[in-house]
Amino acid sequence: MRMILLGPPGAGKGTQAAVLSATLKIPHISTGDIFRANIKGGTPLGLLAKSYIDSGKLVPDDVTVDIVANRLKEEDCASGFIMDGFPRTVPQAVMFDEMLAKPGKKVEVVINITVEDSIIVKRLSGRRMCSCGRTYHIDNNPPKVEEICDFCNSSLYIRDDDKEETIKERLKTYHEQTSPLVDYYQEKGLIMNFDGSKPIDVTTREILDSLKNKLIDFED
Ligand code: AMP
């Protein structure tokens, strides 16, 4: 299954992608995670990406598409993928379609998770991360001990781009550059809409039920 998760920052794409990846047994590919790993590792790509990410802007299309093309060459992508945060512009979507078309493949499902801006600002400003990959929220999903990861005891941190000013810029970027993708995929008949303001597990259930109704075969 070749699937895209679409939606504004803070819609819960990463969380849903992790569950869907485990259930459908296909890799979760997050361009944001790839950029953050490169920033952490101090690579040239990380250096380039950091300035865009920290200001709430998008990394240039050609750089981003190259990263995805390389990731898709890996063996685990043979039977599909869940794209989280890619594509984010219409040119990326067009290049992605061309990339998949070469070996005769295409995007099969686009899960569009919608959430109002006011909820997003609250969600992202309360988000806390752990270096082990787990994510918390100070109100909705707090750790047992304040600011400490339940699993590895490390101190939690706030993503640089989860600062309020940057959140606003990311939302602006989303509305200007990413939301046109809803029409792009709607025209191809691929969009399935979900209300991301519901509790995470409710949205997960709704997504899995809809996929089952589409006769996609999996055990959950
Ligand atoms: P995310 O973790 O998906 O919210 O991504 C964090 C940041 O990485 C975004 O705000 C962008 O600056 C950058 N980024 C992630 N994916 C893309 C993409 N497909 N195109 C351009 N920039 C991206």
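Both counts, for ligands and for their atoms, begin at 1 and track the order of listing.
Under the 4.5 Å side-chain heavy-atom criterion for grouping Ile, Leu, Val, Met, Phe, Trp and Tyr, Ile4 is not connected to Leu211 through any hydrophobic cluster.
Scanning for salt bridge (charged side-chain N to carboxylate O under 4.0 Å, His left out) contacts around Asp54 gives Lys50, with sequence neighbours left out.
In the model, Asp161 has no side-chain atom that pairs as donor or acceptor with a side-chain atom of Thr166 under 3.5 Å.
Ranking the protein heavy atoms by distance from atom 15 (C) of ligand 1 puts Arg88 NH1, 3.3 Å first. Protein heavy atom nearest atom 19 (N) of ligand 1, with residue, atom name and distance: Gly85 O, 2.9 Å. If you check which protein heavy atom lies closest to atom 12 (O) of ligand 1, you get Lys57 O, 2.6 Å. Counting protein heavy atoms only, atom 14 (N) of ligand 1 is closest to Phe35 CE1, 3.6 Å.
Under a 4.0 Å heavy-atom criterion, Arg159 is in contact with ligand 1. Contact analysis puts Arg36 in contact with ligand 1, with a non-hydrogen atom separation below 4.0 angstrom.
Counting atoms of ligand 1 from 1 in the listed order, those under 4.0 Å from a heavy atom of Phe86 are 19 (N). Heavy-atom proximity to Gln92, at under 4.0 Å, picks out these atoms of ligand 1: 18 (C), 19 (N), 20 (N), 21 (C).
Which of Ile53, Ile34, Ile67 comes nearest to atom 7 (C) of ligand 1 through a heavy atom is settled by distance: it is Ile53.
Of the candidates Asp33, Asp66, Asp76, Asp76 is the only one forming a salt bridge (charged side-chain N to carboxylate O under 4.0 Å, His left out) with Arg71.
Contact annotation for Lys13 and ligand 1: no heavy atom of the residue comes within less than 4.0 Å of the ligand.
With Thr178 contributing its side chain and Arg88 its backbone, the two residues share a donor-acceptor pair below 3.5 Å.
The side-chain hydrogen bond (donor to acceptor under 3.5 Å, both in side chains) pairs that include a residue from residues 10-19 are Gln16-Thr204, where partners are two or more places apart or lie in different chains.
Aromatic pair Phe81/Phe96: ring centres closer than 6.0 Å.
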